[in-house]
Every structure is written in C-alpha cells, then in structure tokens.
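Here is the structure we will look at, set down as structure tokens.
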Amino acid sequence: LVTRQSQEELLRVFSERKYTDSKGVTRDVSLVVVSLSPQPTLSLAARYNLSPEETTSKLVGYLKSLGADLVLDMTIAEDLSVLEAQREFMRRLREQQADPAARALPMLASSCPGWVCYAEKTHGNFILPYISTTKSPQQIMGSLVKQVLARNKQLNPAEIYHVTFMPCYDKKLEASREDFYNDLLSCHDVDCVITAIELEQMLEANSKPLADVDSAPLDWPWGAPPSPPPAPGPAPPQGPGLRRHVGSGSGGYADQIFLYAAEQLFGESDAPLVYKNLRNPDFREATLERGGAEVLRFGVANGFRNIQNLVQKLKRGKSPYHYVEVMACPAGCLNGGAQTRPVSGESGRDLVARLESLYSSLPLASPSHNRLLRRLYADWLDGEDSDKARATLHTTYHAVEKSDIALNIKW
Ligand code: SF4
C-alpha cells in the first residue's frame with residue numbers, strides 16, 4: 001500500500017504510463033484522471049495564501065504539467081453522496097418507526113474511513129447495522145470515473161489511472177478495500193490517493209511555490225447539463241468548480257440530511273438548525289421540535305474520545321439520536337492528518353478556523369438542483385432507488401473477528 005499509493009508511484013505512472021494493480025498485474029495507462037476534493041485544496045490555499053479558485057486552477061496547471069490528462073472537481077460525487085444519504089436516512093426512519101426493534105437508527109455517517117475501520121475492528125457486528133451504507137464521495141467519484149467516464153471515452157476502465165486528492169492517509173486504506181475492487185471491470189475505483197502534505201512535498205522538491213505555477217481550468221467531461229425547468233429565483237451554479245454544502249467543511253453532511261428530513265416530514269424548507277455543544281465543541285447536537293415534542297435529534301461526534309462516548313451510549317441503549325455525523329479527526333476533514341501544518345506560530349485551531357472561512361467562501365452546492373444528477377440517475381443508474389443505484393452507490397462493512405486479527409498477526 002505504501003509504495004502503491006505514494007507520490008513516487010504517481011510520478012512513475014506519469015512518466016511511464018504504466019501501473020501495477022492490486023492483483024500484481026501491470027497495466028498500460030491511457031488516461032490519468034485526478035479528482036480534487038475541497039478540504040486538501042483549501043489546505044494548500046491557506047498554505048500558499050491563495051484564494052480557493054486560484055489554488056484550484058494552479059493545482060490543475062501543476063498536475064497537467066506532470067502528465068495528468070484530466071483534472072476534475074468532486075462536486076458531482078459529493079452531491080450524489082448527499083442525495084443517497086438523505087434517501088437512506090428516510091428509509092431507515094420509516095423502518096425504525098415500523099419496527100422499534102430494528103437497528104436502523106441512529107444512522108451513523110460512513111464517509112470517514114478512520115471511523116469505519118475502527119468500528120469494524122473494535123465493535124464488529126454490534127455497530128455495523130447503524131453505519132450508513134452510502135459510499136463516500138471518494139468512492140462514488142471512483143465509480144463515475146471507471147464506469148461513466150470510461151464508457152464516454154470508450155476506454156477499458158483498467159487503463160484509466162484514477163488519483164484522488166484527499167485530506168488524510170486513511171483515504172488510501174479506503175481506496176484499497178476489496179469492496180471497492182470491481183470484479184466486472186477488473187480494477188479498483190481509485191488507484192492512488194495523494195494528500196495535501198504530499199503535494200506540498202512534491203512542490204517543495206521542485207522549489208516551486210504554487211503561486212508560480214501556470215494556471216489551467218478544471219476539466220468537465222460530463223457533457224452539458226440538461227436545460228433547467230423554468231423556475232423562479234437564481235439558478236444554482238452548474239458545471240465545474242469546488243462547492244460547499246450546507247454546514248461546516250467537516251466532510252460530513254449532517255446539516256444537509258437534517259434539513260431534508262425536516263422538509264420531507266413537515267414540509268419545512270427552512271427548519272431552524274442550531275447546534276449546542278455537549279462535552280466539547282467536537283460533540284454537539286441539534287434538535288427539531290414540533291407540537292412540544294422532539295421529532296429529530298442529530299449529533300456530531302468528532303475525534304476518538306467523543307466516538308467512544310457515543311458507542312458506549314449506543315451499547316447501553318441510551319443514544320437519543322436519529323443521525324450522528326461521526327468523523328475521526330477533531331473538527332473533521334479540514335483538520336485531517338495529512339493536511340499541511342500550521343506555519344508561523346499559528347495554532348492548529350486557528351488554521352482550522354481559517355480553512356472553515358475559506359470553505360464558507362465557496363459557492364453553495366444544491367444537490368437536489370444539480371441537473372446533471374438527474375441525467376446520471378436516468379442514463380447510468382436505471383433511475384433513483386433502482387437496484388443498480390443501490391449496487392453502485394452503496395457498500396457493505398465487515399466485522400473483523402478476533403481470530404482474523406490473530407491470523408493477520410501470525411502471518
Ligand atoms: Fe480522514 Fe479525518 Fe476526514 Fe476521517 S475525519 S476522512 S480520518 S480527514
């Protein structure tokens with residue numbers, strides 16, 4: 001894994017146009033695709049004192065100068081992940097209402113592999129039913145690139161080398177999971193994960209500040225978005241570009257799911273969403289009350305201390321939540337383990353605050369108004385809620401038994 005997903009491997013693929021896959025097969029590369037996620041891009045923006053837009057175009061220029069054929073933003077995958085997670089939440093809510101013994105709620109977010117690996121190894125079969133099956137944006141982007149892009153370009157998916165730009169090393173573990181090896185296509189959805197800190201090292205190895213790199217625009221291989229239905233009000237942005245979602249830049253979607261549920265359940269499009277801190281700012285909750293009763297309670301638990309607390313509550317049957325956004329890093333992905341470090345006396349918390357402010361300057365994404373998604377559901381996934389959509393956009397988890405751990409150690 002270390003050599004397979006390193007900057008050395010990436011540079012080798014750029015120059016040799018070959019890679020060795022997880023099964024040991026050497027493959028020719030026809031297309032190198034790099035997908036940018038917002039958090040590490042903002043990390044470099046803070047590091048080099050550039051705006052998010054400048055950083056994005058400089059990154060595209062830099063990656064293209066190394067040999068990338070296409071550099072994409074991940075908004076489309078994030079929007080798909082949000083829509084699927086919203087629908088999954090409503091499905092689980094109905095299931096729990098129909099059968100109070102069902103372990104459908106609380107739904108626990110799954111886009112953080114640090115948390116998911118911990119849950120699989122430590123709490124096994126008890127916790128897994130609660131974890132959202134919706135794939136993370138990284139893995140949905142992988143499916144888009146290896147399925148939709150490969151089909152559009154009439155390429156063998158295994159000839160596409162897909163790199164994602166991410167905020168932590170745990171995303172490398174996620175990308176290399178067997179669950180994300182596509183047997184039909186004979187390849188992983190994501191072949192290499194590069195982090196903000198690794199990209200900074202690559203730039204520094206060439207003594208090249210990002211500001212001095214030539215800019216280039218993001219690519220957009222998805223075709224023109226379908227025409228909008230006539231509707232009042234400003235149209236949400238379509239086309240390439242990093243976007244933010246409602247809520248913080250943690251990488252989770254609690255706010256989005258909360259507001260969607262309030263709208264579905266009570267027809268309210270602007271339900272109040274106010275968090276109150278519990279033990280600390282990384283463990284907080286928001287509630288919605290109707291008719292004097294609490295109807296929704298959402299939590300955010302970041303960092304392992306708070307996660308352990310949450311799991312203990314669940315085990316004692318004392319979790320009051322319908323949904324919890326669980327992220328292993330305190331403050332979530334903006335504070336990921338492979339983001340660039342604070343410089344010139346700035347504290348970690350100050351840097352996260354600066355990243356949060358950069359995140360809030362991004363244009364707001366509106367997943368339900370992303371017109372491209374309607375076409376993807378129709379043309380690629382056989383419609384919303386179809387078997388193909390569930391098979392493509394959802395995954396499963398596996399308890400790691402004590403005997404497996406022992407076996408691994410023995411070997
Ligand atoms: Fe990675 Fe941390 Fe984000 Fe989890 S919270 S996905 S470990 S950066």
Side-chain angles (χ1 to χ4, degrees), residues 3-37 40-41 56-78 80 135 137-166 171-172 174-176 180-195 198-199 202 213-225 239-242 372 375-376 379-381 392:
T3 49
R4 261 211 335 108
Q5 290 200 37
S6 62
Q7 30 181 311
E8 291 79 22
E9 142 133 350
L10 178 59
L11 293 173
R12 199 165 46 244
V13 172
F14 279 141
S15 69
E16 296 176 3
R17 307 291 288 189
K18 283 183 193 312
Y19 75 103
T20 304
D21 71 12
S22 59
K23 311 285 180 200
V25 180
T26 300
R27 301 197 177 265
D28 289 328
V29 172
S30 308
L31 196 75
V32 180
V33 180
V34 185
S35 300
L36 306 180
S37 67
T41 308
T56 305
S57 56
K58 297 278 179 192
L59 268 176
V60 178
Y62 178 62
L63 291 161
K64 291 252 169 124
S65 75
L66 293 178
D69 299 297
L70 295 176
V71 183
L72 312 176
D73 66 79
M74 285 180 47
T75 303
I76 177 178
E78 293 179 343
L80 265 175
K135 280 187 188 172
Q138 167 171 274
Q139 296 311 133
I140 290 182
M141 193 69 193
S143 302
L144 278 160
V145 166
K146 294 289 175 106
Q147 296 181 35
V148 179
L149 186 65
R151 186 191 60 193
N152 291 352
K153 297 215 169 266
Q154 298 186 315
L155 288 173
N156 174 351
E159 287 173 32
I160 299 180
Y161 187 75
H162 182 210
V163 185
T164 56
F165 185 44
M166 287 286 148
K171 284 285 172 186
K172 298 183 191 240
E174 179 182 71
S176 59
F180 301 133
Y181 182 86
N182 189 318
D183 287 316
L184 286 176
L185 307 180
S186 303
C187 60
H188 264 100
D189 294 329
V190 175
D191 300 294
C192 182
V193 176
I194 285 296
T195 64
E198 288 169 314
L199 218 112
M202 287 162 69
V213 172
D214 288 339
S215 300
L218 281 162
D219 292 291
W220 182 259
W222 313 114
L242 295 184
L372 186 61
R375 188 166 69 205
L376 283 171
D379 295 352
W380 174 39
L381 299 167
T392 309

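Here, residue 1 is the first one in the sequence, and each next residue gets the next number. Note: hydrogens, waters and symmetry copies are ignored here, and every other heavy atom, side chains too, is used.
L218 places none of its side-chain heavy atoms less than 4.5 Å from the side chain of L72. Between S186 and Y181, the closest side-chain pair of non-hydrogen atoms falls below 4.5 Å. You'll find the side chain of M166 stays beyond 4.5 Å of the side chain of P137, heavy atoms only. Taking 4.5 Å as the limit, some side-chain heavy atom of I194 sits within range of a side-chain heavy atom of C192. No side-chain heavy atom of L36 sits less than 4.5 Å from a side-chain heavy atom of T164. Contact of the L59 side chain with the V71 side chain is not registered, since no non-hydrogen atoms from C-beta on lie closer than 4.5 Å. With contacts defined as side-chain heavy-atom distances shorter than 4.5 Å, the pair M202/L66 qualifies.
Salt-bridge formation is not detected for the pair K135/E174: no Lys NZ or Arg NE/NH1/NH2 atom is positioned less than 4.0 Å from an Asp or Glu carboxylate oxygen.
The two residues V33 and L149 make their nearest non-hydrogen contact at CG2-CD2, 3.8 Å. Across K171 and V193, no two heavy atoms sit closer than the pair O-CG2, 3.6 Å. Contact between S30 and L155 at its shortest, heavy atoms only, is CB-CD2, 4.0 Å. Of all heavy-atom pairs spanning G241 and D73, the tightest one is N-OD2, 2.8 Å. Considering all non-hydrogen atoms of both residues, K58 and V213 come closest at NZ-O, 2.7 Å. Across all their heavy atoms, K64 and D69 have their closest contact at CE-O, 3.5 Å.
A side-chain donor from one of H162 and S35 sits under 3.5 Å from a side-chain acceptor of the other. Between the side chains of Y19 and E159, no donor N or O sits under 3.5 Å from an acceptor N or O.
Applying the salt bridge (charged side-chain N to carboxylate O under 4.0 Å, His left out) definition to pairs two or more places apart or across chains, none involves residues 148-158.
Atom CD1 of I160 is separated from atom CG of L31 by 5.5 Å, given to the nearest 0.5 angstrom. Atom-to-atom distance recorded for L185:CG and S143:OG is 9.0 Å, nearest 0.5 angstrom. Q147 contributes atom CD, which lies 6.0 Å from atom CG of N182 (distance to the nearest 0.5 angstrom). One distance of note links CD1 of I140 with OG1 of T392; it measures 9.5 Å at 0.5 Å rounding.
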Could you please spell out the steps behind the side-chain contact (heavy atoms from CB on, under 4.5 Å) verdict for V13 and V29?
CA-CA 8 Å; V13 172; V29 172; 4.1 Å; yes
In sequence, state the C-alpha distance, the side-chain angles, and the governing distance for V148 and L376, and then conclude on side-chain contact (heavy atoms from CB on, under 4.5 Å).
CA-CA 9 Å; V148 179; L376 283 171; 4.2 Å; yes
Worked check of side-chain contact (heavy atoms from CB on, under 4.5 Å) between W220 and L372:
CA-CA 12 Å; W220 182 259; L372 186 61; 3.6 Å; yes
side-chain hydrogen bond (donor to acceptor under 3.5 Å, both in side chains) between S6 and E9, intermediate numbers included:
CA-CA 5 Å; S6 62; E9 142 133 350; 5.9 Å; no
Take T195 and K172 through the test side-chain contact (heavy atoms from CB on, under 4.5 Å) and record every step on the way to the result.
CA-CA 9 Å; T195 64; K172 298 183 191 240; 4.3 Å; yes
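In terms of modelled atom types and a separation under 3.5 Å, the side chain of D21 and the main chain of V25 share a donor-acceptor contact. In this structure, K18 contributes its side chain and D28 its backbone to no donor-acceptor pair below 3.5 Å. Under the 3.5 Å distance criterion, the side-chain polar atoms of R375 are matched with a main-chain donor or acceptor of W222. A side-chain donor-acceptor contact under 3.5 Å links S37 to the backbone of F165.
For the pair K146 and F180, the cation does not sit on the ring face, since its NZ or CZ is not both under 6.0 Å from the ring centre and inside 45° of the axis.
In this structure, N152 places its CG atom where more than 12 heavy-atom neighbours from other residues, nucleotides or ligands lie under 6.0 Å away.
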